[in-house]
Number of protein chains: 2
Amino acid sequence: MKPTLQAVADAVGVSRSTVSNAYSRPDQLSAALRERILGAARQLGYPGPNPTARSLRRGFVGSIGVLFTSQLSYAFTDPFAVRFLAGVGEAAERHGTSMLLVPLSRAEPDARRAVENAAVDGFCVYCVADEEWALEVIRARGLPYVSTAARDDAGLDERFVGIDERAAARSVATHVAGLGHRRVALLADSVLPDAPAGPLALSGVDQVPHPTTHGRLAGFADAFADVGVGWAELTLVNAPDNSRQAAAAAVAGLFDRPTPPTAVLAGSDVLALGVLDVLAERPAGNRPPVSVTGFDDVPEAASAGLTTVRQPAEEKGRIAAELLLDPPADAAAGHVLLPTALVVRTSTGPVPRS
Amino acid sequence: MKPTLQAVADAVGVSRSTVSNAYSRPDQLSAALRERILGAARQLGYPGPNPTARSLRRGFVGSIGVLFTSQLSYAFTDPFAVRFLAGVGEAAERHGTSMLLVPLSRAEPDARRAVENAAVDGFCVYCVADEEWALEVIRARGLPYVSTAARDDAGLDERFVGIDERAAARSVATHVAGLGHRRVALLADSVLPDAPAGPLALSGVDQVPHPTTHGRLAGFADAFADVGVGWAELTLVNAPDNSRQAAAAAVAGLFDRPTPPTAVLAGSDVLALGVLDVLAERPAGNRPPVSVTGFDDVPEAASAGLTTVRQPAEEKGRIAAELLLDPPADAAAGHVLLPTALVVRTSTGPVPRS
DNA sequence: GCTAGTCTCTGTATCGATACAGACTGGATC
DNA sequence: GATCCAGTCTGTATCGATACAGAGACTAGC
């Protein structure tokens with residue numbers, strides 16, 4: 001049997017409290033006794049207070065959870081997510097906190113259980129789509145959280161770090177519209193929860209439930225509305241998840257249509273890179289001159305020459321963790337909007353006249 | 001006050017046990033009563049059993065820890081580590097387990113506390129150098145673990161997944177030696193715990209404490225010993241950590257020596273890419289034709305044309321988690337050696353004659 | 001010599017649940 | 001009518017620690 005704190009107390013001949021103090025409040029006992037206790041503990045092979053028991057009694061755990069909508073393995077496939085995690089990790093590390101990665105599996109009962117059972121002091125909600133129930137569970141547990149995807153109904157009491165998705169998306173779309181493009185495809189991930197890969201007809205952008213996706217698509221649409229291209233004239237393409245493969249599958253066939261789009265605006269760099277993959281695969285002679293844009297400005301975007309919108313990934317993660325671990329007294333300071341920048345590279349160009 | 005299980009029991013007029021059963025053992029009570037209990041819980045805003053209390057009583061937590069020697073933020077900078085994590089995540093997800101990332105900070109007391117306090121059922125030890133104490137803490141806690149860096153004294157009872165570092169390193173070094181290179185630099189990270197960046201004199205490879213680094217350097221040395229180049233004739237270069245920046249700093253100046261190396265064998269792709277960065281920065285006319293090799297075959301290696309040794313990263317992570325979560329009955333099956341392959345690309349070539 | 005204050009250490013209550021043995025029903029079986 | 005059994009539910013002990021009030025012993029101060 002593993003020795004308990006009681007066993008150490010018995011061995012030394014002091015009370016449990018004193019042994020506990022030896023570990024957690026060294027100033028509460030004499031240095032000599034403390035040494036004697038730690039020595040006995042070493043000898044008995046006592047590994048220190050049991051973390052679970054300790055957190056039960058103390059009421060906090062010393063780790064924060066990061067909630068992902070998607071599978072855990074996707075989180076590591078998406079460079080933006082990785083950089084976000086790095087930021088969270090950096091801040092957590094500074095606070096002596098570890099991070100628990102909690103994936104939300106597709107099956108809601110399981111996913112719900114994961115949120116209910118996570119032993120954490122709070123959550124960074126990386127990307128919860130319409131999983132409003134997850135936030136409810138967190139609130140019911142009385143845990144603080146920071147979300148990164150704004151929702152319209154989010155109260156100001158809710159801590160948040162993110163960008164103005166709509167304005168950022170509009171900026172890159174305005175650039176594309178300015179190049180003369182009018183036949184345009186918008187590519188996004190999880191436009192509707194279980195939609196298949198490929199073109200998707202939607203009466204309006206407000207049908208899109210995921211706030212981030214909604215914001216970006218709405219921003220794209222805004223820019224084209226400005227130049228007289230309505231929603232109905234835009235081709236909406238759905239990718240079942242945020243990966244190059246999914247994007248490639250979604251746009252396959254798009255360029256063989258009678259009137260193919262001259263530009264594809266993607267909701268993320270990963271999707272945009274998937275579009276570039278598809279184009280690169282075609283024989284050079286049969287490669288349509290399509291402009292492609294991304295979103296995020298992940299490291300790969302630079303080498304691919306992708307025009308995109310930069311948002312500060314690590315900083316987003318860092319601030320999210322910071323808002324959680326060291327909440328500002330002022331409620332308004334709990335709502336952080338980060339800057340974005342349009343980055344024009346070689347993947348966009350003037351519409352070819354033909 | 002947050003409602004407890006007791007509160008729900010009181011509200012419904014049943015015992016605590018019954019409420020507990022409603023959540024954890026539905027077959028122990030009638031469906032009708034269960035519904036009544038869950039209904040009351042919903043109404044009271046009871047979020048389900050407290051995870052900490054539950055794990056204290058049940059004796060397990062439902063999450064596994066991943067131990068990093070380096071800072072948490074490095075873990076996300078190194079593509080190999082990211083892919084390893086993805087593998088761990090995938091397996092963990094299949095088992096309904098979350099993963100706790102535990103960084104080992106430089107200060108040993110803090111780091112020790114992190115291992116002692118991690119609420120986990122076991123550890124994947126990603127890269128523990130000479131931190132033997134960490135393993136001792138884990139053993140003292142009575143927790144299972146899987147290590148990925150073999151140590152000579154590792155008993156067979158210790159679960160392990162990795163590669164034959166020495167043989168793999170030898171294969172790439174043999175390739176370089178076969179190209180005629182004899183003036184060679186070996187670049188590795190943390191050759192000695194606190195050594196500065198740059199060349200380092202060492203009487204023999206056995207002075208290197210970190211088992212992975214030791215294995216790779218020894219493999220490099222083996223291959224050159226075969227062609228008559230002894231340890232003393234090789235230039236050993238230390239990088240303080242495993243990053244492009246550290247590598248660049250370590251080899252800065254190396255190529256301005258009177259007799260510069262014609263090849264640099266790096267202990268990881270990240271380091272090798274750092275060397276390539278340094279070479280790329282030099283004006284084309286003054287760029288020495290140096291062969292460079294890496295180790296791991298991360299995604300970036302392919303686009304950089306880096307000759308390297310491929311090892312299956314995700315699989316390593318997946319198997320590590322699997323060995324932890326679903327230990328094989330047969331002890332020998334707990335010791336997995338993965339295959340490696342030499343990948344020759346454009347970063348190596350015949351030694352220039354001059 | 002007496003009160004106050006500081007250092008150490010102890011004892012009990014408590015954190016919020018689950019395990020397990022047993023009590024009570026209401027049929028089915030013989 | 002006694003026995004057995006499966007299906008439900010209860011009660012107590014327990015998981016392994018920390019919080020907090022307070023008990024003694026000592027030193028200071030007047």
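Order of the sequence lines fixes the chain letters, A, B, ..., with proteins taken first and strands second; residue numbering starts at 1 for each chain. Hydrogens, waters and symmetry mates are skipped; everything else that's a heavy atom, side chains included, is used.
Exactly one residue among A/Leu100, A/Leu101, A/Val120 makes a side chain to side chain contact (heavy atoms under 4.5 Å, CB included) with B/Leu100. That residue is A/Leu100.
Ion pairing between A/Arg112 and A/Glu116 holds under the 4.0 Å rule for side-chain N and carboxylate O.
Distance, B/Arg54 CZ to D/dG16 C1': 18 Å, rounded to whole Å. Spacing between atom CZ of B/Arg58 and atom C1' of C/dG16 amounts to 13 Å, rounded to whole angstrom units. Atom CG of A/Leu5 is separated from atom P of D/dT18 by 6 Å (rounded to the nearest Å). Spacing between atom CD1 of B/Ile37 and atom C1' of D/dT10 amounts to 12 Å, rounded to whole angstrom units. Taking atom CD of residue B/Glu116 and atom C1' of nucleotide D/dA17, one finds them 15 Å apart after rounding to whole Å.
Residue-to-nucleotide proximity on DNA chain D shows that, of B/Leu56 and A/Arg25, the 5′-proximal contact is made by B/Leu56. If A/Ala53 and B/Tyr23 are placed on DNA chain C by their nearest nucleotide, the residue sitting closer to the 5' end is A/Ala53.
Counting only heavy atoms from C-beta outward, the side chains of B/Cys124 and B/Met99 never approach each other to under 4.5 Å. The shortest distance between side-chain heavy atoms of A/Val14 and A/Leu29 does not fall below 4.5 Å.
Heavy atoms of B/Ser24 sit under 4.0 angstrom from primed sugar atoms or phosphate atoms, though from no base atom. Within 4.0 Å of B/Tyr46, counting heavy atoms only, lie sugar-phosphate atoms of the nucleic acid but no base atom. Within the nucleic acid shown, B/Thr52 has no heavy atom closer than 4.0 Å to any nucleic acid atom.
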Quiz item: For nucleotides 4-13 of chain C, read 5' to 3', which letter fits each nucleotide if B means a protein heavy atom sits under 4.0 Å from the base, S means only the sugar-phosphate is that close, and - means neither?
Solution: ----SBBBBB
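Between the OG1 atom of A/Thr18 and the CZ atom of A/Arg34 there is a distance of 13.0 Å, given to the nearest 0.5 Å.
Atom CG of A/Asp27 sits in a crowded spot, with more than 12 heavy atoms from other residues, nucleotides or ligands closer than 6.0 Å.
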